[in-house]
*Asks:* 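To start, I am sharing the structure in question, which I have written as structure tokens.
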Protein chains: 2
Amino acid sequence: MPRGFGRGNWHGRFRGCGYRWTIARQSVLDVLGKATRHLSAEDIYMQMHKVNPGVGLTTIYRTLELLVQMGIVIKSDFGEGRARYEMAEGPKGLNHHHHLICTGCGKVIDYTDFIDDEVELLQRTEKGLSKKYNFKISNHLIQFYGLCQVCKNK
Amino acid sequence: MPRGFGRGNWHGRFRGCGYRWTIARQSVLDVLGKATRHLSAEDIYMQMHKVNPGVGLTTIYRTLELLVQMGIVIKSDFGEGRARYEMAEGPKGLNHHHHLICTGCGKVIDYTDFIDDEVELLQRTEKGLSKKYNFKISNHLIQFYGLCQVCKNK
DNA sequence: ATATTAATGAAAATCATTTTCATTAATATG
DNA sequence: CATATTAATGAAAATGATTTTCATTAATAT
Ligand SMILES: [Mn+2]
Ligand SMILES: [Mn+2]
Ligand SMILES: [Zn+2]
Ligand SMILES: [Zn+2]
């Protein structure tokens, strides 16, 4: 195993796609892997700066684009004018979920509840829409907006 | 009725909110009212330029912001890096709908064919989420991504 | 007709993201 | 290990949609 590159088989995964395994890429994955929130590129930059001050913001953008394209990271738009990122697969495995967004304070809650119901409905809806509009649906975006507990009581 | 301002009771609606009724605002509503697609601010600017060359892009942005805030216009993000706008209420009355977005060519299809199940599921989900996360849900965003008929056959 | 001030246009600013280009470092090979 | 290849990187500049600034204009009330 190459020195300095520890856990996971990220190295192999990257090499398998023809990409090099670099400090910057490892570091972005480290930061996202430890994150409990949805991070912006700059959030990641600041976290990383403590450990790897040499890595620039540009590289972070490039790395994130790559990770999204590889399906390792999910990019979301919560309407703040900047993208946010999170690992596609949490510690407990695949992690398809949707978001509850507080329009008061910007807080974002992941939810996986009701996903089963949703999946069934989505399949039916997708089937109907595919047929009616001759559309091959491959993905969906579902977000709920409202006020969180804190903002509600103001 | 004030001269030069024809159809609708927009004037009253604006005055009722303490806003003035201007050529620019009328013109934005004219363009959006006639549109059959989702228009960007610049689309509107170009359309309007033929009729009212004096109105600037800045004013269009300001007007759109106002119209969205008044609930007259809906602002959407289809992932192109620019917002698109459409009337909230079509000629046939209220017009809540979702979008099918082609990732191949960018085409956007409105669909209102909510399967009853979809409405029911949304209500159930909103209810469940509200309870579990103490969230007051007021809105939702649902978009399907895929390939349109044309792009599918390539 | 006039006063008030909201609305506007033009230009500059903002700001997240992307592009450019010279340099660095990951990898393959001997 | 040394070296060649070239993907990856950092810094600085560019991009582009949207917003802000500020002096001017025009909608409204009187
Ligand atoms: Mn999430
Ligand atoms: Mn629409
Ligand atoms: Zn909140
Ligand atoms: Zn298409």
Side-chain angles (χ1 to χ4, degrees), chain A residues 1-6 10-29 38-46 48-49 51-70 73 75-85 106, chain B residues 1-6 10-29 38-46 48-49 51-70 73 75-85 106:
Chain A
M1 184 189 297
R3 269 173 301 148
F5 299 101
W10 290 122
H11 190 166
R13 175 117 179 239
F14 272 71
R15 295 270 60 218
C17 299
Y19 304 128
R20 295 181 180 177
W21 180 239
T22 67
I23 309 281
R25 289 169 182 179
Q26 177 186 240
S27 198
V28 169
L29 282 171
H38 303 83
L39 302 182
S40 68
E42 202 170 358
D43 288 339
I44 297 170
Y45 175 72
M46 288 186 304
M48 186 180 308
H49 203 71
V51 186
N52 287 91
V55 178
L57 184 55
T58 307
T59 296
I60 296 187
Y61 274 109
R62 281 189 286 229
T63 301
L64 287 169
E65 185 184 13
L66 186 68
L67 292 171
V68 168
Q69 174 248 299
M70 291 173 77
V73 162
K75 178 179 184 177
S76 293
D77 173 9
F78 300 133
E80 325 160 82
R82 71 179 60 188
R84 291 193 171 270
Y85 302 84
Chain B
M1 184 190 296
R3 272 173 298 147
F5 300 102
W10 290 124
H11 191 166
R13 176 114 178 241
F14 273 72
R15 296 270 61 219
C17 298
Y19 303 127
R20 295 181 181 178
W21 180 239
T22 68
I23 308 281
R25 288 169 183 179
Q26 177 186 240
S27 198
V28 170
L29 282 171
H38 304 83
L39 302 182
S40 67
E42 202 170 358
D43 288 338
I44 297 170
Y45 175 72
M46 288 186 303
M48 186 181 309
H49 203 71
V51 186
N52 287 93
V55 178
L57 185 55
T58 307
T59 296
I60 295 187
Y61 274 109
R62 281 188 286 229
T63 301
L64 287 169
E65 184 184 14
L66 186 68
L67 291 172
V68 168
Q69 174 249 299
M70 290 173 79
V73 163
K75 178 179 184 176
S76 293
D77 173 10
F78 300 132
E80 325 159 82
R82 72 179 62 188
R84 291 193 171 269
Y85 302 85

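Quick note on labels: first sequence line is chain A, next is B, and so on, each numbered from 1. Both backbone and side-chain heavy atoms feed into the values below; hydrogens, waters and symmetry mates do not.
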*Asks:* Calculate the interatomic distance between B/I60 atom CD1 and C/dA10 atom C1'; express it in whole Å.
*Replies:* 14 Å

*Asks:* Without decimals, in angstroms, what is the distance between A/M46 CE and C/dA16 P?
*Replies:* 11 Å

*Asks:* Kindly determine whether B/M48 and B/I60 satisfy side-chain contact (heavy atoms from CB on, under 4.5 Å), including the steps that lead there.
*Replies:* CA-CA 10 Å; B/M48 186 181 309; B/I60 295 187; 3.9 Å; yes

*Asks:* Quick one: are B/M70 and B/F14 in side-chain contact, heavy atoms under 4.5 Å?
*Replies:* yes

*Asks:* Grab the CD-P distance between B/Q69 and D/dT19 for me, whole Å please.
*Replies:* 14 Å

*Asks:* What's B/G54 touching, base or sugar-phosphate or nothing? Going by heavy atoms closer than 4.0 Å.
*Replies:* sugar-phosphate

*Asks:* Given that both distances must come in under 3.5 Å, which nucleotide forms a Watson-Crick or G-U wobble pair with C/dA22?
*Replies:* D/dT9

*Asks:* Using both distances under 3.5 Å as the test, list the Watson-Crick or G-U wobble partner of C/dC15, or none.
*Replies:* D/dG16

*Asks:* What integer distance in Å separates B/K75:NZ from D/dT18:P?
*Replies:* 7 Å

*Asks:* Aromatic rings B/W21 and B/H11: how do their planes relate, parallel, tilted or perpendicular, breaks at 30° and 60°?
*Replies:* parallel

*Asks:* From the list D/dT18, D/dA29, C/dA16, which nucleotide is the closest neighbour of the side chain of A/Y61?
*Replies:* C/dA16

*Asks:* State which of C/dT17, D/dT28, C/dA28 makes the closest approach to the side chain of A/R15.
*Replies:* C/dA28

*Asks:* Please determine, for C/dA3, whether a Watson-Crick or G-U wobble partner exists with both distances under 3.5 Å, and give it or none.
*Replies:* D/dT28

*Asks:* Is it the case that D/dA8 (base atoms only) and A/R20 (side chain only) share a donor and an acceptor within less than 3.5 Å, ignoring hydrogens and angles?
*Replies:* no

*Asks:* What contact category does A/R82 fall into here, base, sugar-phosphate, or nothing, at under 4.0 angstrom with non-hydrogen atoms?
*Replies:* sugar-phosphate

*Asks:* Taking the side chain as C-beta and beyond, is there a heavy-atom pair between B/R25 and B/L66 under 4.5 Å?
*Replies:* yes

*Asks:* Verify whether the ring centers belonging to B/H38 and B/F78 lie closer than 6.0 Å.
*Replies:* yes

*Asks:* Nearest whole Å is fine: how far is C/dA25 P from A/Q26 CD?
*Replies:* 16 Å

*Asks:* Nearest whole angstrom, please: distance from the C1' of C/dA16 to the CD of A/E65.
*Replies:* 14 Å

*Asks:* Let me spell it out: for each of A/R25 and B/A83, pick the nucleotide of DNA chain D with the closest heavy atom. Which residue's pick is nearer the 5' end?
*Replies:* A/R25

*Asks:* Rounded to the nearest angstrom, tell me the gap between atom CG in A/L64 and atom P in D/dT9.
*Replies:* 12 Å

*Asks:* Side chain of A/H11, heavy atoms from C-beta onward: which of D/dA8, C/dT27, D/dT18 has the nearest atom to it?
*Replies:* C/dT27

*Asks:* Would you indicate which nucleotide in C/dA10, C/dA16, D/dA27 comes nearest to any side-chain atom of B/R62?
*Replies:* C/dA10

*Asks:* Taking CG from B/N52 and P from C/dT8, how many angstroms apart are they, rounded to a whole number?
*Replies:* 12 Å

*Asks:* From the options C/dT27, C/dA26, D/dT19, select the nucleotide whose nearest atom is closest to the side chain of B/T58.
*Replies:* D/dT19

*Asks:* For B/S40 and for A/G18, find the nucleotide of DNA chain D with the closest heavy atom, then tell me which residue's nucleotide is more 5'.
*Replies:* A/G18

*Asks:* Is any NZ, NE, NH1 or NH2 atom of the basic residue among B/R84 and B/D43 found under 4.0 Å from an Asp or Glu carboxylate oxygen of the other?
*Replies:* yes

